[in-house]
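Side chains are part of it too, since the values below use all heavy atoms of this structure and drop only hydrogens, waters and symmetry mates. Fair warning: this is a prediction, and the values are worked out from it, not measured in the lab.
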Amino acid sequence: MKTLIFCTLLLGLSSCLPANSTNNDNNQVVSSSPTTENQEFQAFGNEPFWSVKVSPSEIVYSSLATDEKLTFPYVTPLAADGRLPDTVRVYRLEEENNTMLIIRKSKGCSDTMSDDLHPYSSLFIRGDMVLEGCARKS
């Protein structure tokens, strides 16, 4: 039974990776080379309601549920190896709490409230908190 559960989890996780990407020492998913574009983005999610604004001077996280607001200095995002800079952006915001924002180009991210489709999906990670949502260029 444990083997069946492990195999099911492994199969489910492997389906989350793009079909043409691998994650080994020869072909890393995220590059240490920064992107050259400075784009403004708005990332957001529902239940709980949150947003992250990326501007050339700062990156601001805010939560409507807790009235929390965190401001980080702007950092140049990392890009995925072998991909266009607009495909994946990883903003490492804070080492102490392992805070990062990941924006990934998608075929259509639905915000679950208005059913509007947005061109990017997003993840905001801070410590043990992981928030999933959508994003768009500002």
Side-chain angles (χ1 to χ4, degrees):
M1 185 65 178
K2 288 181 182 179
T3 304
L4 178 61
I5 292 171
F6 175 75
C7 290
T8 304
L9 286 173
L10 186 61
L11 183 61
L13 289 174
S14 67
S15 68
C16 294
L17 292 173
N20 60 354
S21 76
T22 58
N23 189 5
N24 59 40
D25 291 337
N26 296 331
N27 185 18
Q28 294 180 0
V29 175
V30 176
S31 168
S32 61
S33 60
T35 64
T36 56
E37 299 177 32
N38 285 341
Q39 296 275 344
E40 294 186 21
F41 279 91
Q42 172 83 30
F44 49 89
N46 302 321
E47 300 176 24
F49 291 98
W50 62 275
S51 70
V52 178
K53 285 188 140 190
V54 177
S55 71
S57 61
E58 63 186 8
I59 299 174
V60 180
Y61 161 79
S62 59
S63 169
L64 291 177
T66 62
D67 290 330
E68 183 178 24
K69 185 174 183 178
L70 302 170
T71 302
F72 305 96
Y74 179 82
V75 293
T76 304
L78 302 175
D81 275 345
R83 304 290 175 121
L84 295 173
D86 201 37
T87 305
V88 176
R89 295 166 177 270
V90 178
Y91 298 88
R92 290 185 183 168
L93 304 176
E94 186 180 64
E95 291 293 327
E96 182 179 315
N97 290 314
N98 194 28
T99 304
M100 66 180 65
L101 172 66
I102 302 170
I103 297 177
R104 182 172 186 233
K105 192 160 189 117
S106 69
K107 293 187 177 175
C109 178
S110 174
D111 66 12
T112 70
M113 292 293 283
S114 66
D115 289 330
D116 289 341
L117 292 179
H118 303 281
Y120 298 89
S121 62
S122 63
L123 284 174
F124 180 76
I125 302 166
R126 184 161 200 264
D128 293 336
M129 177 181 69
V130 179
L131 301 172
E132 183 180 21
C134 298
R136 62 177 173 254
K137 290 181 181 179
S138 298

(request) Any chance you could pull the hydrophobic cluster mates of Val60, using side-chain heavy atoms under 4.5 angstrom and chaining through other members? (result) none

(request) Quick one: which residue pairs count as a disulfide bond (SG atoms under 2.5 Å apart) with a foot in residues 67-102, not counting sequence neighbours? (result) none

(request) Tell me, please, which residues at least two apart from Ser63 pass side chain to side chain donor-acceptor pair (under 3.5 Å). (result) Thr66

(message) Under the rule for side chain to side chain donor-acceptor pair (under 3.5 Å), what residues qualify as partners of Ser114, not counting sequence neighbours?
(response) Asp111, Asp116

(request) Just jot down the side-chain contact (heavy atoms from CB on, under 4.5 Å) partners of Ser57, sequence neighbours excluded, or say none. (result) Ser55

(request) I would like to know whether Lys137 and Ile103 meet side chain to side chain contact (heavy atoms under 4.5 Å, CB included); could you show each step before the answer? (result) CA-CA 10 Å; Lys137 290 181 181 179; Ile103 297 177; over 6 Å; no

(message) Just to verify, what does Thr71 make a side chain to side chain donor-acceptor pair (under 3.5 Å) with, not counting sequence neighbours?
(response) none

(request) With the side chain counted from C-beta on, respond yes when Pro119 and Lys105 share a heavy-atom pair under 4.5 Å apart, and no when they do not. (result) no

(message) Once ring-ring contact (aromatic ring centres under 6.0 Å, His included) is applied, what residue pairs with a partner in residues 45-69 remain, sequence neighbours excluded?
(response) Tyr61-Phe124

(message) By the definition side-chain contact (heavy atoms from CB on, under 4.5 Å), identify the one residue from Leu123, Ile125, Val52 that meets it with Leu101.
(response) Val52

(message) Could you measure the distance from the OG atom of Ser122 to the CD atom of Gln42? Nearest 0.5 Å is fine.
(response) 9.5 Å

(message) Please find the pair of heavy atoms, one from Leu64 and one from Asp67, that lie closest to each other, and give the distance.
(response) O-OD1, 3.7 Å

(message) I want to check something: taking the side chain as every heavy atom from C-beta on, are Glu132 and Ser121 in contact at a cut-off of under 4.5 Å?
(response) no

(request) Return each pair, listed once, that meets disulfide bond (SG atoms under 2.5 Å apart) where at least one residue sits in residues 82-127; pairs must be two or more places apart or across chains. (result) Cys109-Cys134

(message) If the condition is side-chain contact (heavy atoms from CB on, under 4.5 Å), which residues does Pro48 pass it with, not counting sequence neighbours?
(response) Ala65, Leu131

(request) Compare every heavy atom of Val90 with every heavy atom of Met100, then report the nearest pair and how far apart it is. (result) SD-CG1, 4.4 Å

(message) According to side chain to side chain donor-acceptor pair (under 3.5 Å), who are the partners of Glu94, at least two apart in sequence or on a separate chain?
(response) Asn97, Thr99, Arg126

(request) Identify the heavy atoms of Ala135 and His118 that sit nearest to each other, and give their distance. (result) O-CB, 3.6 Å

(request) Determine the minimum heavy-atom distance between Arg92 and Val75, stating which atoms define it. (result) O-CG2, 3.6 Å

(message) Determine whether Met113 and Glu47 satisfy the following criterion, side chain to side chain contact (heavy atoms under 4.5 Å, CB included), listing intermediate values before the conclusion.
(response) CA-CA 10 Å; Met113 292 293 283; Glu47 300 176 24; 4.3 Å; yes

(message) Who clusters with Phe44? Use side-chain heavy atoms, under 4.5 angstrom, across I, L, V, M, F, W and Y, and order the result by chain and number.
(response) none

(message) Going by ring-ring contact (aromatic ring centres under 6.0 Å, His included), name the residues that satisfy it together with Phe41, two or more places apart in sequence or in a different chain.
(response) Tyr120

